Number of protein chains: 2
Amino acid sequence: MKFERSNCPITNVLDLLGDKWTLLVIRDLVLGKRRYQEFLASPERIASNILAERLDRLLAAGLINRRAYQKNPTRYEYGLTKRGRDLEPILEAILTWGKKQYPGTKRFPKVQRPSD
Amino acid sequence: MKFERSNCPITNVLDLLGDKWTLLVIRDLVLGKRRYQEFLASPERIASNILAERLDRLLAAGLINRRAYQKNPTRYEYGLTKRGRDLEPILEAILTWGKKQYPGTKRFPKVQRPSD
DNA sequence: TATAGTGACTTGCAAGATGCAAGTCACAGT
DNA sequence: ACTGTGACTTGCATCTTGCAAGTCACTATA
């Protein structure tokens, strides 16, 4: 096992998730978003190139998976893997602290999907 | 209350802590480190300008405080405020996930301080 | 007295990450 | 034929990081 910066678990998590966007993509997936346009539509306005790069990284890291819901051109839907869903306690801890420190912030609601 | 990107608590936390270094400084403080050179000595090798900037931000955000332990030139020791200590559940959640995902990583030990 | 640390930063610049606008590609609909 | 949809890609300007070296006011050692 080769570590980027150190063998501290926190450091290794930050090497993967330590930026302003990656956890927001995870949040969107937890909320039920599945498609590219849905991620782009979130109020933080992620840039499309950043989103594409993050989806690649999360796929490579095994936190998400995707399935083609259409061919020619192939279009994908994304979902969390077990590994990705295991991040929920981290998101919950952040949410708890954040709501307390930033009065006026609110947990976003789950997305309604027609297919459900 | 004015929000940078959205009124999502997670987003606002990421605007403050969402990078590869800030949480490592917090980790070091939790482990008992207090002084500039101690933070610089951590195995991840934070650059001194980044460290100075992060300490400023954390001070401004009220997550840490400092006290001069010497004058001419003034030298400071840093510590976590209540607000900063409240981040521990987040660190614990990250630690738990990280240890599981990155076998071989280990929680760093508390620092021995002569003054204790 | 002279020289060499010590410690908390600051400065300058190169390298890398991010943000914005626009483009691509293979369709489906009108 | 013409417009729209959706998942990206590309180009380039700007912002953030990383690295090396410098500063400043001492204290310790020779």
Side-chain angles (χ1 to χ4, degrees), chain A residues 3-6 11 14-26 28-29 32-61 64-79 111 113-115, chain B residues 3-6 11 14-26 28-29 32-61 64-79 111 113-115:
Chain A
F3 303 116
E4 291 280 331
R5 293 190 290 175
S6 80
T11 303
L14 291 177
D15 284 339
L16 178 62
L17 306 174
D19 67 77
K20 293 203 190 312
W21 293 110
T22 308
L23 277 181
L24 292 186
V25 175
I26 305 274
D28 280 355
L29 284 161
K33 298 195 178 188
R34 295 285 171 266
R35 297 186 182 180
Y36 210 82
Q37 294 300 317
E38 293 182 284
F39 303 129
L40 287 181
S42 288
E44 294 85 7
R45 316 309 343 259
I46 188 171
S48 61
N49 54 345
I50 308 281
L51 173 58
E53 202 268 344
R54 292 304 191 276
L55 289 173
D56 279 353
R57 296 189 56 182
L58 291 173
L59 273 171
I64 64 175
N65 52 28
R66 64 180 189 183
R67 49 171 274 270
Y69 67 89
Q70 177 192 304
K71 297 214 159 176
N72 287 94
T74 314
R75 305 241 162 107
Y76 298 103
E77 284 188 337
Y78 295 89
V111 171
R113 335 208 87 259
S115 51
Chain B
F3 304 116
E4 291 281 332
R5 293 190 290 173
S6 80
T11 303
L14 290 177
D15 284 339
L16 179 62
L17 306 173
D19 67 77
K20 293 203 191 314
W21 292 111
T22 309
L23 276 181
L24 292 184
V25 175
I26 305 274
D28 281 354
L29 285 161
K33 297 193 178 189
R34 296 284 170 268
R35 297 185 182 181
Y36 210 84
Q37 294 300 317
E38 294 183 283
F39 302 129
L40 288 181
S42 288
E44 293 86 8
R45 318 306 346 257
I46 189 171
S48 61
N49 53 344
I50 307 282
L51 174 58
E53 201 268 345
R54 292 304 191 277
L55 290 172
D56 279 354
R57 296 190 56 183
L58 291 173
L59 273 170
I64 64 175
N65 53 28
R66 63 180 189 182
R67 51 171 273 272
Y69 67 89
Q70 176 193 303
K71 297 213 161 176
N72 287 93
T74 313
R75 304 236 162 112
Y76 298 103
E77 285 188 335
Y78 296 88
V111 170
R113 333 209 89 260
S115 49

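Labels below follow one simple rule: chain letters A, B, ... track the order of the sequence lines, proteins then strands, and each chain is numbered from 1. None of the values given here were measured: they were computed from a predicted structure.
A cation-pi arrangement is absent between B/R54 and B/F39, since the terminal nitrogen or guanidinium carbon is not both under 6.0 Å from the aromatic centre and inside a 45° cone about the axis.
Nearest nucleotide to the B/R66 side chain, out of C/dG7, C/dC9, D/dG6: C/dC9. For A/S48, taking side-chain heavy atoms from C-beta onward, the closest of the listed nucleotides D/dT17, C/dA8, C/dA22 is C/dA22.
In this structure, B/Y78 contributes its side chain and B/K33 its backbone to no donor-acceptor pair below 3.5 Å. Judged purely by atom type and a 3.5 angstrom limit, A/E53 has no side-chain atom pairing as donor or acceptor with the backbone of A/D56.
Contact record, B/I64 with B/L55: CD1-O, 3.6 Å, taken as the closest heavy-atom pair.
Checking each of B/R67, B/Q70, B/R34 against B/E77 for a side chain to side chain donor-acceptor pair (under 3.5 Å) leaves exactly one that passes, namely B/R67.
Atoms OH (A/Y76) and P (D/dA7) sit 11 Å apart, rounded to a whole Å. The CG-P distance, from B/D19 to C/dT18, rounds to 11 Å in whole Å. What separates CD of A/E53 from P of D/dT10 is a distance of 14 Å, to the nearest Å. The separation between B/E44 atom CD and D/dT17 atom P is 16 Å, rounded to whole Å. In this entry the distance linking CH2 of A/W21 with P of C/dT18 reads 10 Å, nearest Å. Between A/R67 atom CZ and D/dA7 atom C1' the separation is 15 Å, expressed in whole Å. With rounding to whole Å, B/Y69 atom OH is found 12 Å from D/dT27 atom P. Across the protein-nucleic acid pair, A/I50 atom CD1 and D/dC8 atom C1' stand 14 Å apart, rounded to whole Å.
Phosphate contact (OP1/OP2 of C/dC9, side-chain N/O of B/Y78, threshold under 4.0 Å): present.
Nearest-nucleotide positions on DNA chain D for A/N49 and A/T74 put A/T74 closer to the 5' end. Heavy-atom nearest nucleotides on DNA chain C were determined for A/K71 and for B/R75, and the one closer to the 5' end corresponds to B/R75. When the nearest nucleotides of DNA chain D are assigned to A/Y36 and B/P73 by heavy-atom distance, the more 5′-ward of the two goes with A/Y36.
At a threshold of 4.0 angstrom between heavy atoms, the contacts of B/R35 are confined to the sugar-phosphate backbone, with no base atom among them. Counting any heavy atom pair closer than 4.0 Å across all strands shown, A/F39 reaches no nucleic acid atom.
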